[in-house]
2 protein chains.
Amino acid sequence: MPQTPHTEHHFTAGESVRDIVIGMSDGLTVPFALAAGLTGAVSSTGIIVTAGLAEIVAGSIAMGLGGYLAARSDADHYASERRREEREIVEKKEAEREEVAQVFRGYGLADEQIAPVLQALEARPQAWVDFMMRFELNLEEPRPQRAMASALTIAGAYVAGGLVPLAPYMMLRHDVHGALAASLALTLIALLVFGGVKGRFTGAHPLKSGFQTMLVGGLAAAAAFGLARLFGGA
Amino acid sequence: MPQTPHTEHHFTAGESVRDIVIGMSDGLTVPFALAAGLTGAVSSTGIIVTAGLAEIVAGSIAMGLGGYLAARSDADHYASERRREEREIVEKKEAEREEVAQVFRGYGLADEQIAPVLQALEARPQAWVDFMMRFELNLEEPRPQRAMASALTIAGAYVAGGLVPLAPYMMLRHDVHGALAASLALTLIALLVFGGVKGRFTGAHPLKSGFQTMLVGGLAAAAAFGLARLFGGA
């Protein structure tokens with residue numbers, strides 16, 4: 001694939017940062033909300049820790065394997081679309097020429113300005129296929145080792161995030177309400193910091209991003225707490 | 001944005017289908033694994049149903065709001081990058097001309113073939129910005145109402161998926177092991193069917209996609225069951 005220059009002016013998150021954000025966003029939120037919710041219904045920290053750990057294991061495997069399969073399926077999709085384009089520029093040459101022309105007409109180019117571009121692409125079938133993959137289908141070639149690295153990063157970030165809200169329940173074994181208070185304080189601070197750091201990578205204002213992230217976690221926990229108290233009492 | 005023709009030959013999932021897949025993948029997997037995990041540690045269906053419902057509420061809110069904020073942040077990112085490109089084609093005209101040229105050199109075009117394209121883009125600043133957004137930065141303009149629709153679709157799919165594994169525990173209130181068996185059977189079938197349908201949209205073979213999806217859910221549930229039995233006994 002051709003590289004375009006000076007993209008570093010437009011900073012976007014790298015793939016690993018993106019995977020950490022995906023895993024940690026859910027890891028900090030869902031086990032936190034589950035633990036808070038169960039505190040509204042049961043009085044044993046043992047059950048809450050067990051449920052929390054079961055959730056962390058289930059969530060990290062589901063998200064990690066999900067990430068692995070998504071990356072694998074992106075790679076399969078790219079390969080099959082590429083084979084199709086390789087066939088089409090031979091078998092449906094006229095239609096493919098017309099597609100290239102339409103891309104450029106969309107930017108206001110006249111047919112006599114498009115003709116030399118068509119000529120150059122026709123002389124280089126691989127470059128023509130590259131062009132169609134990027135500009136017609138908007139697909140980029142995935143890196144081969146991506147799937148496994150993505151799976152491990154997402155799962156690890158989920159586990160790291162999920163242990164934050166559970167730690168107080170593990171340490172304050174005989175004081176479930178004290179554990180809830182400590183878990184709330186610790187996790188809301190972690191969400192604020194994580195949201196702020198995330199903002200630096202996504203280009204959002206760190207303070208805005210921090211408070212939004214804290215709000216999502218807090219709302220999920222409050223809703224789970226209310227619902228569990230409702231059903232746990234019944 | 002210019003439209004390219006005949007993309008319907010290369011079928012890819014629409015945005016709603018994608019949101020349903022995102023929500024239901026996790027909704028069928030995590031509450032299932034949590035319920036199975038807790039069955040390894042506690043003997044009351046009441047606690048399992050309460051924990052499961054708390055998880056569904058927490059997970060659907062976290063994923064739904066997460067989807068909403070992601071869509072909003074995509075829109076902000078697009079707008080800010082667009083403003084930057086609008087400035088750059090005025091203030092750094094030569095650098096931007098060179099970027100367009102490099103895109104085409106990557107496809108093997110000579111400078112005299114590129115010159116008329118540059119000329120056409122320079123005559124139409126908005127088309128030039130469109131071109132840079134798509135071909136340099138690979139960003140597409142997000143639809144404005146996307147954020148809320150995305151949030152509700154993801155959350156709804158999560159709830160629908162999550163109620164499948166919990167239903168047996170709600171109905172077989174006095175037989176926790178019977179409920180586990182029914183939940184396993186029901187959810188594995190649901191994962192197989194869901195994975196198969198998902199395969200039709202992602203282009204994967206339905207049978208392969210079905211078994212992969214079932215495997216992820218099954219592995220997550222088995223790991224959660226094993227871990228909860230280990231810790232629940234302690």
Side-chain angles (χ1 to χ4, degrees), chain A residues 2-6 10 25-26 29-30 33-34 37-38 41-42 47 49-51 53-55 57-59 61-62 65-66 69 73 76-77 80-81 84 95 99 102-103 106-109 113 116-117 120-121 124 127 130-131 135-137 202-204 212 216 219-220 223-224 227-228 231-232, chain B residues 2-6 10 25-26 29-30 33-34 37-38 41-42 47 49-51 53-55 57-59 61-62 65-66 69 73 76-77 80-81 84 95 99 102-103 106-109 113 116-117 120-121 124 127 130-131 135-137 202-204 212 216 219-220 223-224 227-228 231-232:
Chain A
Q3 295 295 315
T4 53
H6 114 140
H10 307 266
S25 293
D26 276 25
T29 310
V30 182
L34 175 66
L38 283 179
V42 302
I47 289 176
V49 170
T50 301
L53 289 175
E55 210 287 334
V57 170
I61 291 178
L65 276 178
L69 294 175
S73 121
D76 291 350
H77 183 61
S80 87
E81 292 292 327
R84 187 202 295 264
E99 283 178 15
Q102 288 218 23
V103 168
Y107 294 102
L109 271 74
Q113 292 164 318
V117 179
L121 290 177
R124 294 168 194 78
D130 284 344
F131 182 90
F135 297 144
E136 186 206 1
L137 300 177
T202 57
Q212 273 186 343
V216 172
L219 278 178
L227 184 117
F231 277 80
Chain B
Q3 295 294 315
T4 54
H6 115 139
H10 305 267
S25 293
D26 277 25
T29 310
V30 182
L34 175 68
L38 283 179
V42 303
I47 289 175
V49 169
T50 301
L53 289 175
E55 210 288 332
V57 171
I61 291 177
L65 276 177
L69 293 176
S73 123
D76 290 350
H77 184 61
S80 87
E81 292 293 325
R84 186 202 297 263
E99 283 178 15
Q102 288 217 22
V103 168
Y107 294 102
L109 271 74
Q113 292 165 320
V117 179
L121 290 177
R124 296 168 192 78
D130 284 344
F131 182 91
F135 297 148
E136 186 206 2
L137 300 176
T202 58
Q212 273 186 343
V216 173
L219 277 179
L227 185 120
F231 277 81

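Quick note on labels: first sequence line is chain A, next is B, and so on, each numbered from 1.
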Side-chain contact test, heavy atoms from C-beta onward, threshold under 4.5 Å: evaluate it for B:V42 versus A:T50 and give yes or no.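 With C-beta onward as the side chain, the pair stays apart.
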
Do B:V30 and A:V30 come within less than 4.5 Å of each other through their side chains, counting heavy atoms only?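 With C-beta onward as the side chain, the pair stays apart.
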
By a 4.5 Å heavy-atom criterion (distance strictly below it), what part of B:S25 contacts chain A: side chain, backbone, both, or neither?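 Neither part.
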
Quick one: what part of A:V216 sits under 4.5 Å from any heavy atom of chain B, side chain, backbone, both or neither?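 Answer is both: backbone and side chain atoms of A:V216 are under 4.5 Å from chain B.
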
Compare every heavy atom of [Y] with every heavy atom of [X], then report the nearest pair and how far apart it is.
X: A:A220; Y: B:A62; answer: CB-N, 4.4 Å
X: B:P116; Y: A:Q113; answer: O-NE2, 3.5 Å
X: A:L34; Y: B:A51; answer: CD1-O, 3.4 Å

Of the listed residues ([options]), which shares the most heavy-atom pairs with chain B below a 4.5 Å separation?
options: A:A33, A:G59, A:S80, A:A54; answer: A:A54
options: A:T29, A:L109, A:D26; answer: A:L109
options: A:V49, A:V57, A:L121, A:L219; answer: A:V57

